[in-house]
There are 2 protein chains.
Amino acid sequence: MEDRNTVLGKALAILRAFGPADSVLPLAELVRRTDLPKGTVHRVAGDLVHHRLLDKTAHGYQLSGGLFELGLRAATERTLLELAMPFLQDLYERTHETVHLGVREGHEVVYIAKIGGHRQAKAPSRTGGRMPMHCTAIGKVLLAHAGEDEQTAVLTGPLERRTPHTVIAPGLLRRQLSKAVETGVAYEREESTPGLLCVAAPVLKPDGHTVVAAISVTGPVGRFRPESHETAVRAAATALGSTLARRGR
Amino acid sequence: MEDRNTVLGKALAILRAFGPADSVLPLAELVRRTDLPKGTVHRVAGDLVHHRLLDKTAHGYQLSGGLFELGLRAATERTLLELAMPFLQDLYERTHETVHLGVREGHEVVYIAKIGGHRQAKAPSRTGGRMPMHCTAIGKVLLAHAGEDEQTAVLTGPLERRTPHTVIAPGLLRRQLSKAVETGVAYEREESTPGLLCVAAPVLKPDGHTVVAAISVTGPVGRFRPESHETAVRAAATALGSTLARRGR
DNA sequence: GAAGAGCGTACCGCTGAGTGGAACGCCGAC
DNA sequence: GTCGGCGTTCCACTCAGCGGTACGCTCTTC
């Protein structure tokens with residue numbers, strides 16, 4: 001996958017060396033992470049700066065605004081985001097809790113949008129970020145409606161235990177998935193992060209089987225009762241679904 | 001700027017060949033836009049697919065989710081977005097009109113966020129998209145607080161007339177800018193798009209001079225009175241400013 | 001204040017990754 | 001049946017890319 005001996009491979013190795021949490025990385029750190037020769041990293045990084053994918057600061061390199069712009073041209077995620085926004089807003093306004101929009105990418109969830117207010121629960125999710133499928137409400141919903149093969153692939157793969165509540169028993173998980181298909185929502189109760197609860201509903205194509213995305217509401221243990229938002233989340237998701245169906249696709 | 005004879009240059013020429021409105025582009029179209037040899041485009045595009053920056057569909061290529069993810073790792077825009085979100089939400093809830101967050105990039109505005117409901121005014125702005133500075137409220141605010149040299153550079157440059165209301169007289173524009181500095185807000189009245197009004201306020205660093213970004217509220221002629229949202233926008237912007245100051249940077 | 005460790009930068013001759021012209025097969029249009 | 005446009009494949013040439021080496025700088029460390 002990661003070709004070490006093409007320019008593009010090197011360039012992407014450098015860009016991908018930036019983790020979700022990193023802002024600036026010095027040259028030496030890039031060398032360490034990519035383990036490419038120093039000279040090479042220096043040159044390629046220079047080229048990337050030239051092309052506005054990296055910025056060079058006093059303390060190192062950082063991913064540039066040019067990359068941000070480019071990323072938001074990605075057609076599918078962008079149109080999804082734009083069409084979904086009004087529904088996400090409604091949902092936020094009704095619940096005043098953190099609202100997520102996510103899609104499946106490989107065996108993980110990628111968040112397309114995350115909106116919340118000042119008192120939002122401190123979740124590890126970030127827009128553009130990834131999370132495992134088995135321990136998030138959005139992930140479960142997406143998995144529940146994914147193909148059979150896809151489902152077993154995830155269930156038989158290693159299921160990371162994120163918290164004491166993470167469900168890592170394939171059998172139990174599978175039962176949760178089929179219940180999610182029945183009821184139209186999935187829950188997460190402190191399975192990815194202690195203190196967090198979550199409800200999610202699928203955004204389906206008109207055929208009623210293919211999932212496009214999922215919407216969720218997240219809140220902290222204590223004041224937050226996920227069950228009470230079940231209908232709101234489901235309503236938002238189905239409404240978005242029919243909007244997507246109407247507008248081209 | 002665009003090196004035709006390095007792999008990276010070619011790769012970026014291909015990626016940037018996708019305009020804000022394009023979703024899928026066939027190979028032939030990419031060849032036309034980049035005017036690179038057909039064989040080359042084919043190969044490089046293939047490599048880009050391999051690296052998850054492009055997707056290959058039946059009808060051509062399209063920017064992939066991998067690019068979306070990568071773009072949202074860009075540190076400055078992302079942290080700005082995350083910290084701003086609660087304030088943008090507040091503002092939306094108060095006004096129920098389209099809310100923008102934008103920064104200056106070269107001589108244009110780049111929108112970091114755009115949120116709105118179902119009845120939002122149909123604006124040409126898009127998240128990650130660009131607009132000229134002289135005919136948008138956010139642009140004016142950003143320009144008003146930019147360096148003197150930057151300001152004159154834009155004012156003396158060609159000022160595109162987008163609508164009959166677009167202000168293209170440098171003198172008048174300059175007066176609007178200094179008024180924006182005084183009052184802390186700038187207006188746009190159908191200067192970029194017929195039927196749209198807008199108020200914007202600057203997000204300043206604690207020194208009170210350097211602009212980081214700007215926040216705006218947009219609505220349609222008729223029901224929307226921008227003046228009545230002036231204080232709300234200003235409040236959101238200054239609140240975000242102090243939050244940015246508090247949290248690292 | 002000398003020695004050393006770690007960093008960013010600059011140089012430069014070798015070589016294979018990248019190049020792109022040419023040719024092919026496949027539609028759909030006329 | 002013919003033609004124009006498209007996507008794909010092939011292949012011999014060559015220059016873009018390579019990366020080991022060396023330099024100068026700024027901090028620590030003793």
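Throughout, protein chains are lettered first and strands after them, A, B, ... in sequence-line order, and every chain is numbered starting at 1. What's counted below: heavy atoms across the whole structure, side chains too, no hydrogens, waters or symmetry copies. Quick caveat: nothing in here was measured; it's all calculated off a predicted structure.
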Do the side chains of V103(A) and V212(A) get nearer than 4.5 Å, heavy atoms only? no

OG/S242(A) to NZ/K205(A) distance, rounded to the nearest 0.5 angstrom? 14.5 Å

Candidate pair H107(A) and E150(A), rule side chain to side chain donor-acceptor pair (under 3.5 Å), full reasoning: CA-CA 8 Å; H107(A) 290 182; E150(A) 183 64 37; 3.1 Å; yes

Can you sort out which residues in residues 41-48 of chain B have a heavy atom within less than 4.0 Å of DNA chain D? Ascending by number, please. H42(B)

Residues in salt bridge (charged side-chain N to carboxylate O under 4.0 Å, His left out) with E191(A), at least two apart? K140(A)

Do R126(A) and E69(B) sit within salt-bridge range, that is, some charged N less than 4.0 Å from a carboxylate O? no

Take the protein atom CG of N5(A) and the nucleotide atom C1' of dA16(D), then report the distance between them rounded to whole Å. 15 Å

Pairs where residues 17-26 of chain A contributes a residue and the test side chain to side chain donor-acceptor pair (under 3.5 Å) is met, not counting sequence neighbours: D22(A)-R33(A)

On DNA chain C, compare the nucleotides closest to L8(A) and Y61(A); which residue's is nearer the 5' end? Y61(A)

Check this for me: does any side-chain nitrogen of one of E148(A) and R174(A) sit under 4.0 Å from a carboxylate oxygen of the other? yes

Does dT19(C) have OP1 or OP2 under 4.0 Å away from a side-chain N or O of T40(B)? no

CD1 of I14(B) to CZ of R16(B), rounded to nearest 0.5 Å, is 12.5 Å

Five pairs at each end of the helix from dG1(C)-dC30(D) to dC30(C)-dG1(D): take the axis at both ends and give me the angle between them to 10°. 40°

NZ of K10(A) versus P of dG16(C): gap in Å, rounded? 13 Å

What I want to check is whether the side chains of Q89(A) and H118(B) have a donor and an acceptor closer together than 3.5 Å. no

Side-chain donor-acceptor contact under 3.5 Å, T210(A) with H145(A): no

Considering only dG18(C), dG19(D), dG20(C), which nucleotide approaches the side chain of P37(B) most closely? dG20(C)

Any non-hydrogen side-chain atom of R43(B) less than 4.5 Å from a side-chain atom of T40(B)? yes

Taking atom C1' of dG8(C) as reference, at what distance in whole Å does atom NE2 of H59(A) sit? 15 Å

Does any residue of residues 24-34 of chain B have a heavy atom under 4.0 Å from DNA chain D, and if so, which ones, in number order? P26(B), L27(B), A28(B), R32(B)

Under 4.5 Å between any side-chain heavy atoms of F68(B) and L53(B), yes or no? no

Contacts under 3.5 Å, N or O only, protein and nucleotides 23-27 of chain D:
none

I need the CD1-C1' distance between I14(A) and dG8(C), as an integer number of Å. 14 Å

side-chain contact (heavy atoms from CB on, under 4.5 Å), that's the test. Do L177(A) and Q151(A) meet it? Break it down for me. CA-CA 9 Å; L177(A) 296 184; Q151(A) 207 170 115; 3.8 Å; yes

